Amino acid sequence: MAHFPETPSFTGFNTPSRIEADIADLDVKGAIPPELDGAFFRVQPDPQFPPRLGDDIAFNGDGMITMFRFEGGRCHFKQRWAQTDKFKLEHAAGKALFGAYRNPLTDDPAVAGKIRGTANTNAFVHGGKLYALKEDSPALVMDPATLETDGYTFFDGKMTGQTFTAHPKIDPDTGDMIAFGYAAKGVCTKDMTYYVVSPEGALKQELWFELPYYCMMHDFAITPDYALFHVVPSIGSLERLEKGLPHFGFDTTLPVYLGVVPRRADATAKDIRWFKRDNCFASHVMNAFQEGTKIHFDTPEAKNNMFPFFPDVHGAPFNGPESASFLTRWTVDMASNSDAFESVTRLTGMIGEFPRIDDRMTGKPYRYGWMLVMDMAQPIEIKGGSAAGLIMNTLGLVDHQTGQEQKWWCGPVSSLQEPCFIPRSKDAPEGDGWIVMVCNRLEEHRSDLLLFDALDVAKGPIATVHIPIRLRFGLHGNWAEAADIGLAA
């Protein structure tokens, strides 16, 4: 008999959902633009069974993929499990077999050596395939129209690393998917792989190199000439796993690095440059671009650790005020003979994370960026439990050209999930389109899907799609045109 623990990760808004569903023509307040023809895919961690060890962190739930299909001014809902190897083995056993987050030492011996991935971090479309992604494992391939699982891919045997990032990028000029894997030789190894996948889905390049130290290498950036990797000390080790400690912990004594990998087909590990700066926390990346010999890398930066569930390795208590992150530009100069950063510049006073852009501007000089904002000036009432700990209660828009900002607050008892930009057309100007995002109605234990005019978010949603089931907190998601995923009429 299943019984989930009565702990913060499994109660209130975080209560496991475990719902697969098809719901046609969702109720809409406002109007969905009739020209929208495609699907918004997102994923949530949603545990199939109670945790093997009695409690767990929310990041360890099984991947549940949601598709919102827009057509003719209507929105349809489809939700399915990402059927990883882990999911299938536990489904057959009728219980959890895999233990603590990224600690194979806590698994049932029956699953020793099996892929532990949960496919719970991103839902990404490329080459007509839907990739359900978790960075500690290969990419899981699903059908974007039916959400049926095909299985893990090693790209016809050409991928020799063990892992594939949850944050690939599409080069807007070539159509290639650029990706990487960390811990590529196994748990807690410093080995990294850099991948280039063709528009058709074939692996074209795999470059191996090592990080200065093992860390959570969650996101990265590209420019036309470089791939950029920020090494931030959310660190781990086999010794931590043997002691039963959380996989990651934050080390305030280590420097931060920015690795610059040339995007040439003949590049080797010797061609990588490492720039170094003082300690900070940074995870996601808004964008990066080149300006002559200079490279600008835009990331939300905090003075200290943002993840209380991955505590300070020296025992310091979690520092809430120092966990506030601000969009910051790191600049390095490839013409410099120094390994120092040229500058570090804060771009906005908004406290924010989960940055997104018009993805057609990936790696290019860009004007607009959106992100989830913690607006501390607004009232916050956590009735029914927080969706994910921090209350991201505002959608923010930054205009890098004018410096102007816009904000829209979702109310005192709601929070927001990551925004996603939808272009009006493939050749529309930058920012001309819509923002789509999930809103958590915390007290009511339900969810809405919100649609905004992307450059006028302050006026509020142009359409609110009422979802008759509660979506747990999700991490990342992406838009795909109907014609690109076999859904066009």
Side-chain angles (χ1 to χ4, degrees), residues 13 17 19 21-44 64-79 123 354 356 370-375 378-388 391-397 406-424 431-480 482:
F13 204 90
S17 170
I19 295 173
D22 293 271
I23 308 171
D25 203 5
L26 297 176
D27 180 70
V28 178
K29 176 184 177 182
I32 296 171
E35 62 267 38
L36 266 181
D37 188 16
F40 170 54
F41 297 91
R42 48 83 71 183
V43 63
Q44 64 188 32
M64 181 75 85
I65 303 289
T66 313
M67 176 176 71
F68 293 96
R69 169 74 167 106
F70 290 90
E71 59 168 345
R74 302 193 300 167
C75 180
H76 314 295
F77 176 95
K78 183 185 289 289
Q79 187 161 276
F354 288 91
R356 294 300 296 264
W370 297 263
M371 58 184 176
L372 296 184
V373 171
M374 290 183 64
D375 190 341
Q378 299 287 2
I380 297 174
E381 302 174 29
I382 307 180
K383 295 181 179 179
S386 164
I391 293 291
M392 301 293 189
N393 61 357
T394 297
L395 171 62
L397 165 62
Q406 290 185 38
K407 293 192 293 187
W408 177 81
W409 174 57
C410 66
V413 289
S414 296
S415 62
L416 297 168
Q417 300 188 21
E418 182 192 53
C420 174
F421 176 79
I422 304 171
R424 191 174 303 276
D432 182 13
W434 303 275
I435 290 291
V436 63
M437 65 195 313
V438 171
C439 181
N440 312 307
R441 304 300 187 189
L442 299 175
E443 185 176 19
E444 302 166 45
H445 279 205
R446 66 175 187 84
S447 305
D448 288 331
L449 187 71
L450 308 180
L451 197 66
F452 298 80
D453 282 326
L455 298 182
D456 194 6
V457 300
K459 75 178 181 184
I462 61 171
T464 298
V465 181
H466 299 295
I467 307 165
I469 64 173
R470 171 181 48 85
L471 300 183
R472 298 184 92 227
F473 89 93
L475 293 162
H476 303 291
N478 294 279
W479 171 262

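Quick caveat, the model's predicted, so the values are computed rather than measured.
- By the salt bridge (Lys or Arg N to Asp or Glu O under 4.0 Å) test, Arg446 is found to be paired with Glu444, Asp448, residues two or more places apart in sequence or in another chain being considered.
- Every residue two or more places apart in sequence or in another chain that forms a side-chain hydrogen bond (donor to acceptor under 3.5 Å, both in side chains) with Trp479 is listed here: Glu481.
- Residues satisfying the ring-ring contact (aromatic ring centres under 6.0 Å, His included) criterion with Phe40, sequence neighbours excluded, are absent altogether.
- For the pair Leu449 and Gln417, the minimum side-chain heavy-atom distance is 4.5 Å or more.
- Taking both residues in full, the closest heavy atoms of Ser447 and Phe13 are given as OG-CZ, 4.0 Å, listed atom of the first, atom of the second, then distance.
- Counting heavy atoms from C-beta on, the side chains of Asn478 and Phe41 never come closer than 4.5 Å.
- Gln44 meets the side-chain contact (heavy atoms from CB on, under 4.5 Å) test with Ser17, Arg42, Asp46, Met64, Gln79, Leu471, Arg472; sequence neighbours excluded.
- If you take CG on Asp375 and CE on Met392, they are separated by 12.0 Å, rounding to the nearest 0.5 Å.
- Cys420 and Gly477 make their closest contact through SG-O, 4.1 Å (heavy atoms, listed as atom of the first residue, atom of the second, distance).
- Partners of Asp432 according to the salt bridge (Lys or Arg N to Asp or Glu O under 4.0 Å) rule, which considers only residues two or more places apart in sequence or in another chain, are Arg424.
- Under the rule for a ring-ring contact (aromatic ring centres under 6.0 Å, His included), the partners of Trp408 that lie at least two apart in sequence or sit in another chain are Phe452.
- Not counting sequence neighbours, the partners of Pro468 by the side-chain contact (heavy atoms from CB on, under 4.5 Å) test are Ile23, Leu26.
- Summarising the geometry of Arg441 relative to Leu450, their closest heavy-atom pair is NH2-CD2, 4.3 Å, with the distance given to 0.1 Å.
- Residues that satisfy the side-chain contact (heavy atoms from CB on, under 4.5 Å) test with Ile380, not counting sequence neighbours, are Ile382, Ile391, Asn393.
- A 4.5 Å side-chain heavy-atom check between Pro33 and Ile462 finds at least one atom pair inside the cut-off.
- With values rounded to the nearest 0.5 angstrom, Leu451 atom CG is found 9.0 Å from Ile435 atom CD1.
- The minimum heavy-atom distance between Ile65 and Ala123, with the atom names listed, is CD1-CB, 4.1 Å.
- Closest approach of Ala463 and Ala31 over heavy atoms only: CB-O, 3.5 Å.
- Expressed to the nearest 0.5 Å, how far CH2 of Trp434 lies from CG of Leu36 amounts to 4.5 Å.
- Judged by distance alone, with hydrogens and angles left aside, the side-chain atoms of Gln406 form no donor-acceptor pair with the main-chain N or O of Leu397 at under 3.5 Å.
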| said: salt bridge (Lys or Arg N to Asp or Glu O under 4.0 Å) for Asp25 and Arg69? Distances and angles first, verdict last. | reply: CA-CA 9 Å; Asp25 203 5; Arg69 169 74 167 106; over 6 Å; no

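- In terms of the side-chain contact (heavy atoms from CB on, under 4.5 Å) criterion, residue partners of Val413 (sequence neighbours excluded) are, by chain and number, Glu381, Lys383, Glu443.
- For Phe77, the ring-ring contact (aromatic ring centres under 6.0 Å, His included) partners are Phe68, not counting sequence neighbours.
- Contacts of Trp370 classified as ring-ring contact (aromatic ring centres under 6.0 Å, His included), with partners at least two apart in sequence or in another chain: Phe421.
- Of all the heavy atoms in Pro419 and Leu395, the pair that sits closest is CB-CD1, 4.0 Å.
- Expressed to the nearest 0.5 Å, how far CG of Leu372 lies from CZ of Arg356 amounts to 10.5 Å.
- Each of Ile32, Val438, Asp27 was evaluated against Val465; a single residue qualifies, Ile32, per the side chain to side chain contact (heavy atoms under 4.5 Å, CB included) test.
- Legend: residues meeting side-chain hydrogen bond (donor to acceptor under 3.5 Å, both in side chains) with Lys29, ordered by chain and number and at least two apart, are absent.
- The line from CG of Asp37 to CD1 of Ile422 is 11.5 Å long, rounded to the nearest 0.5 Å.
- Looking at Glu418, its side chain never comes within 3.5 Å of a backbone N or O of Phe354 through a donor-acceptor pair.
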